[in-house]
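Here the structure is laid out as structure tokens; the discussion comes afterwards.
Just so we're on the same page: letters track the sequence lines, and every chain starts at 1. Just so it is clear, the values below take in all heavy atoms, side chains as well, and ignore hydrogens, waters and symmetry mates. Quantities reported herein were computed from a predicted structural model and do not represent experimental measurements.
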Amino acid sequence: MFERLSLFSMAQNMATHAAARQNVIAQNVTNSDTPGYKAQDLTALSQPSEATFQMRRTAPQHLLGTTQAQWHRIEIAGQADPNGNTVSLEEEVLRSVDAARAHNRALTIYQSSLGILRSALGRSGG
Amino acid sequence: MAGFSQTFDILASGLRAQATRLRHVSENIANTDTPGYRGKTVSFMPDYRPDVPEGSVRTGQVQLDQSTLPRIYDPAHPMANADGYYDGSNVNLMLELADAREAQRSYEASLKMFEQTRRMSSAIMEILKR
């Protein structure tokens with residue numbers, strides 16, 4: 001809701017990245033017994049959106065596919081099972097804890113910024 | 001944002017697939033002593049149907065174990081032929097138990113992921129509550 005404030009947009013980006021990462025990890029865990037499945041992950045979260053150059057569009061449908069996503073999927077190399085599956089459940093659990101912590105961190109930043117904003121508006125912030 | 005509901009759907013497809021696998025394992029174990037019974041196996045495959053989120057899994061067609069049935073000598077058995085042999089089942093209990101254990105492990109991992117994702121999504125709701 002406060003995307004204009006860079007702190008909020010950063011927190012939002014971070015939470016979105018963590019949620020997307022959790023989604024990819026869930027896919028890995030779900031496919032831990034699928035023959036031939038290659039484990040995947042997301043690239044790390046980079047700079048906030050202001051740092052990247054973006055073309056201005058008059059409609060969201062214009063120039064589809066030209067905007068650069070801030071993260072993309074990568075395959076992680078790992079020991080393959082005899083059936084070609086490279087998912088390691090232990091590693092996925094660790095990654096998922098990582099994603100949950102990043103998500104928690106992002107939400108905490110958002111929440112405390114919200115509190116600061118509220119107290120600046122003269123209301124009791126938490 | 002893709003949203004957590006998609007993540008839940010993916011995990012649910014994994015839980016369903018593992019449950020199906022476990023059901024076939026229990027069918028096999030229950031029929032270890034059924035004469036002429038062939039063990040059932042299911043394979044997992046990525047689910048590419050358009051109405052399910054990317055990364056879901058589903059079970060393929062049930063296949064019967066094509067290995068030869070063991071011939072058991074027991075002239076007193078009602079199904080024994082003239083020589084006194086009858087066909088047993090080709091279920092390997094050791095394999096079935098290992099399969100069950102693997103299914104359980106994957107099921108638990110999916111369940112843990114479900115719980116973790118649920119906590120993450122309820123943390124978002126906490127912001128709205130304030």
Side-chain angles (χ1 to χ4, degrees), chain A residues 1 8 11-13 15-40 42 73 81 83 85 87-115 118 123-126, chain B residues 1-22 41-48 52-60 99 101-130:
Chain A
M1 76 187 120
F8 283 105
Q12 196 184 344
N13 257 335
T16 312
H17 177 261
R21 191 156 183 236
Q22 178 77 359
N23 192 17
V24 172
I25 297 163
Q27 290 181 19
N28 287 343
V29 171
T30 299
N31 286 289
S32 62
D33 292 328
T34 310
Y37 182 85
K38 301 272 179 284
Q40 295 172 346
L42 289 185
R73 276 171 184 240
D81 285 351
N83 63 7
N85 190 301
V87 177
S88 149
L89 277 184
E90 293 80 12
E91 274 179 38
E92 296 308 325
V93 168
L94 290 180
R95 263 190 213 109
S96 146
V97 170
D98 238 25
R101 283 187 58 216
H103 193 253
N104 200 5
R105 198 157 63 228
L107 291 192
T108 310
I109 291 172
Y110 193 93
Q111 212 159 16
S112 79
S113 311
L114 210 59
R118 275 202 184 130
R123 287 205 261 154
S124 63
Chain B
M1 193 164 124
F4 286 120
S5 57
Q6 210 184 36
T7 313
F8 287 135
D9 286 347
I10 294 168
L11 287 169
S13 82
L15 291 175
R16 247 193 317 275
Q18 297 294 349
T20 309
R21 177 189 188 184
L22 213 49
T41 51
V42 283
S43 59
F44 286 2
M45 54 179 74
D47 200 344
Y48 292 129
V52 293
E54 182 200 352
S56 300
V57 73
R58 71 189 179 101
T59 47
D99 210 28
R101 184 58 63 88
E102 201 186 5
Q104 185 191 6
R105 201 176 90 110
S106 305
Y107 194 93
E108 272 172 13
S110 291
L111 219 50
K112 283 274 186 307
M113 286 296 296
F114 205 96
E115 186 60 33
Q116 175 100 275
T117 312
R118 199 189 57 77
R119 268 205 300 274
M120 283 167 80
S121 77
S122 61
I124 293 183
M125 299 305 161
E126 285 297 313
I127 291 185
L128 283 178
K129 275 188 200 164
R130 282 154 47 95

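The nearest pair of heavy atoms linking B:Phe44 to A:Pro35 is O-CD, 3.2 Å. Considering all non-hydrogen atoms of both residues, B:Ser13 and A:Thr30 come closest at OG-CG2, 3.7 Å. Between A:Gln22 and B:Thr7 the shortest heavy-atom distance is O-CG2, 4.1 Å.
Between chain A and the residues B:Met45, B:Glu102, B:Glu54, the largest count of heavy-atom pairs under 4.5 Å involves B:Glu54. When each of A:Ser96, A:Ala106, A:Ala99 is checked for heavy-atom pairs under 4.5 Å with chain B, A:Ser96 comes out on top. For the set B:Ala103, B:Gly55, B:Pro46, B:Ser106, the entry with the most heavy-atom pairs within less than 4.5 Å of chain A is B:Gly55.
Interatomic distance, A:His103 NE2 to B:Arg119 CZ, rounded to the nearest 0.5 Å: 12.5 Å. We find the CG-CE distance between A:Asn23 and B:Met113 to be 9.0 Å, quoted to the nearest 0.5 Å.
Classification of B:Arg105 and A:Glu90 as a salt-bridged pair holds, one side-chain N sitting under 4.0 Å from a carboxylate O.
Proximity to chain A at a heavy-atom threshold of 4.5 Å picks out B:Gly14, B:Gln18, B:Arg21 from residues 14-22 of chain B, in numerical order.
Interface residue A:Ser32: only side-chain heavy atoms are found under 4.5 Å from chain B. With a 4.5 Å cut-off on non-hydrogen atoms, A:Val97 touches chain B through its backbone and its side chain both. With a 4.5 angstrom heavy-atom cutoff, B:Pro53 does not touch chain A via any of its atoms. Contact annotation for B:Ser43: neither backbone nor side-chain heavy atoms come within less than 4.5 Å of a heavy atom of chain A.
The local environment of NZ in B:Lys112 is sparse, with at most 12 non-hydrogen atoms from other residues, nucleotides or ligands closer than 6.0 Å.
Residues A:Leu107 and B:Met120 have side chains not in contact (no heavy-atom distance under 4.5 Å, counting atoms from C-beta outward).
Checking side-chain atoms of A:Asn31 against main-chain N and O of B:Val57 turns up no donor-acceptor pair under 3.5 Å.
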